Amino acid sequence: MKKIFFFFLFSLLILTSCKEVKVVDNNNQFKTGVFEIPAGKNFVKETIIRKDSIQISKYEDHIDTLSIKWKNNFFYTLRYINPKNEMQKDPMFVQINKVYKDSYDFTVKIGFSKFSTKGTIYKIK
């Protein structure tokens, strides 16, 4: 009798501890929308609008249009559509390092140089 009781109790425990886990797919949450990089170390305040394969960057009194190509959900490349100087002719390789609810930490590398910097982008819309 004790064995049946323990078997029943163990079975009940197993069945009640199993519950469905819903996974929310936010893989594309940063591919479109309005974003902001706050002013801070290495950055001026920048507002970014992404739609399809275009990114519009607004900072101070400048507006730049860049093409954006996603390799996967954690790596993309930016290129100025109309570069104004030699440095803007190089692609920018962006690696997403850590994802939060409405933001992500990134590292950007310009061209094939050793220059890289880190920052955080916040999705505001």
Side-chain angles (χ1 to χ4, degrees):
M1 185 70 138
K2 287 184 179 181
K3 289 181 182 180
I4 294 174
F5 177 73
F6 285 117
F7 177 74
F8 176 74
L9 186 60
F10 180 72
S11 298
L12 186 61
L13 180 64
I14 295 293
L15 290 173
T16 58
S17 66
C18 296
K19 60 182 177 180
E20 183 179 343
V21 177
K22 293 184 179 182
V23 177
V24 179
D25 181 9
N26 287 334
N27 291 337
N28 296 320
Q29 70 179 345
F30 299 117
K31 292 185 178 181
T32 61
V34 179
F35 304 85
E36 185 176 282
I37 300 175
K41 186 179 178 185
N42 300 323
F43 294 98
V44 296
K45 181 180 176 184
E46 182 175 354
T47 302
I48 297 168
I49 301 167
R50 288 188 187 146
K51 185 174 182 179
D52 299 321
S53 60
I54 299 293
Q55 173 171 305
I56 300 169
S57 297
K58 300 176 184 179
Y59 58 96
E60 295 175 342
D61 59 347
H62 303 284
I63 298 176
D64 291 315
T65 305
L66 301 98
S67 66
I68 183 169
K69 184 176 179 182
W70 290 84
K71 181 176 181 181
N72 57 44
N73 292 325
F74 299 99
F75 186 84
Y76 59 91
T77 303
L78 294 168
R79 288 185 178 270
Y80 284 90
I81 292 179
N82 295 309
K84 296 175 181 90
N85 57 48
E86 286 300 312
M87 191 170 119
Q88 289 184 354
K89 290 180 181 179
D90 289 335
M92 291 178 277
F93 303 106
V94 183
Q95 173 73 47
I96 296 175
N97 302 318
K98 191 166 185 179
V99 175
Y100 305 96
K101 181 180 176 186
D102 294 321
S103 65
Y104 63 86
D105 295 339
F106 68 91
T107 302
V108 62
K109 184 176 178 185
I110 297 177
F112 299 100
S113 69
K114 293 183 179 184
F115 174 81
S116 70
T117 190
K118 295 181 179 193
T120 302
I121 290 182
Y122 297 89
K123 187 168 188 176
I124 56 177
K125 287 185 186 175

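Keep in mind that this is a model prediction, so the values were computed, not measured.
- Under the rule for a side-chain contact (heavy atoms from CB on, under 4.5 Å), the partners of Ser57 that lie at least two apart in sequence or sit in another chain are Glu46, Ile48, Gln55, Leu66.
- For Lys45, the salt bridge (charged side-chain N to carboxylate O under 4.0 Å, His left out) partners two or more places apart in sequence, or in a different chain, are Glu36.
- Partners of Lys89 by salt bridge (charged side-chain N to carboxylate O under 4.0 Å, His left out), not counting sequence neighbours, listed by chain and number: Glu86.
- In this structure Ser67 satisfies the side-chain hydrogen bond (donor to acceptor under 3.5 Å, both in side chains) test with no other residue, sequence neighbours excluded.
- Hydrophobic cluster membership of Phe112, counting Ile, Leu, Val, Met, Phe, Trp and Tyr whose side-chain heavy atoms lie under 4.5 Å apart directly or via other members: Phe75, Phe93.
- Judged purely by atom type and a 3.5 angstrom limit, Lys123 uses its side chain to pair as donor or acceptor with the backbone of Gln29.
- Considering only residues two or more places apart in sequence or on other chains, Asn85 meets the side-chain contact (heavy atoms from CB on, under 4.5 Å) condition with Met87, Gln88.
- Cluster annotation: Ile49 is not connected to Val108 through the hydrophobic network of ILVMFWY side chains, with a link wherever side-chain heavy atoms come within less than 4.5 Å.
- Looking at residues two or more places apart in sequence or on another chain, you find no side-chain hydrogen bond (donor to acceptor under 3.5 Å, both in side chains) involving Tyr80.
- Clustering ILVMFWY residues whenever any of their side-chain heavy atoms sit less than 4.5 angstrom apart, transitively, puts Phe115 in the very cluster that holds Leu78.
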For this session: I would like to know whether Ile68 and Lys31 meet side chain to side chain contact (heavy atoms under 4.5 Å, CB included); could you show each step before the answer?
Result: CA-CA 9 Å; Ile68 183 169; Lys31 292 185 178 181; over 6 Å; no
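- Interatomic distance, Trp70 CH2 to Asn28 CG, rounded to the nearest 0.5 Å: 8.5 Å.
- Considering OG1 of Thr107 and NZ of Lys118, their distance stands at 4.5 Å, rounded to 0.5 Å.
- Considering only residues two or more places apart in sequence or on other chains, Lys84 meets the salt bridge (charged side-chain N to carboxylate O under 4.0 Å, His left out) condition with Asp64.
- Ile63 and Phe35 end up in different hydrophobic clusters when Ile, Leu, Val, Met, Phe, Trp and Tyr side chains are linked at under 4.5 Å.
- For Asn82, the CG atom is loosely surrounded, since the number of other residues' heavy atoms within 6.0 Å does not exceed 12.
- Partners of Asp105 by side-chain hydrogen bond (donor to acceptor under 3.5 Å, both in side chains), not counting sequence neighbours, listed by chain and number: Tyr100, Thr120.
- Remark: Phe106 engages Phe43 in a ring pair (Phe, Tyr, Trp, His ring centres under 6.0 Å) (not counting sequence neighbours).
- Ile96 CD1 to Phe30 CZ: the interatomic distance, rounded to the nearest 0.5 Å, is 7.0 Å.
- Glu60 pairs by the salt bridge (charged side-chain N to carboxylate O under 4.0 Å, His left out) definition with nothing, not counting sequence neighbours.
- Note that NZ of Lys109 and CD of Gln95 are 11.5 Å apart. Values are rounded to the nearest 0.5 Å.
- Cluster partners of Val44 are Tyr59, counting Ile, Leu, Val, Met, Phe, Trp and Tyr whose side-chain heavy atoms approach within less than 4.5 Å, directly or via other members.
- The distance from atom OG1 of Thr65 to atom CD1 of Ile81, rounded to the nearest 0.5 Å, is 5.5 Å.
- The cluster map of Ile, Leu, Val, Met, Phe, Trp and Tyr, joined by side-chain heavy atoms under 4.5 Å apart, puts Ile121 and Val34 in different clusters.
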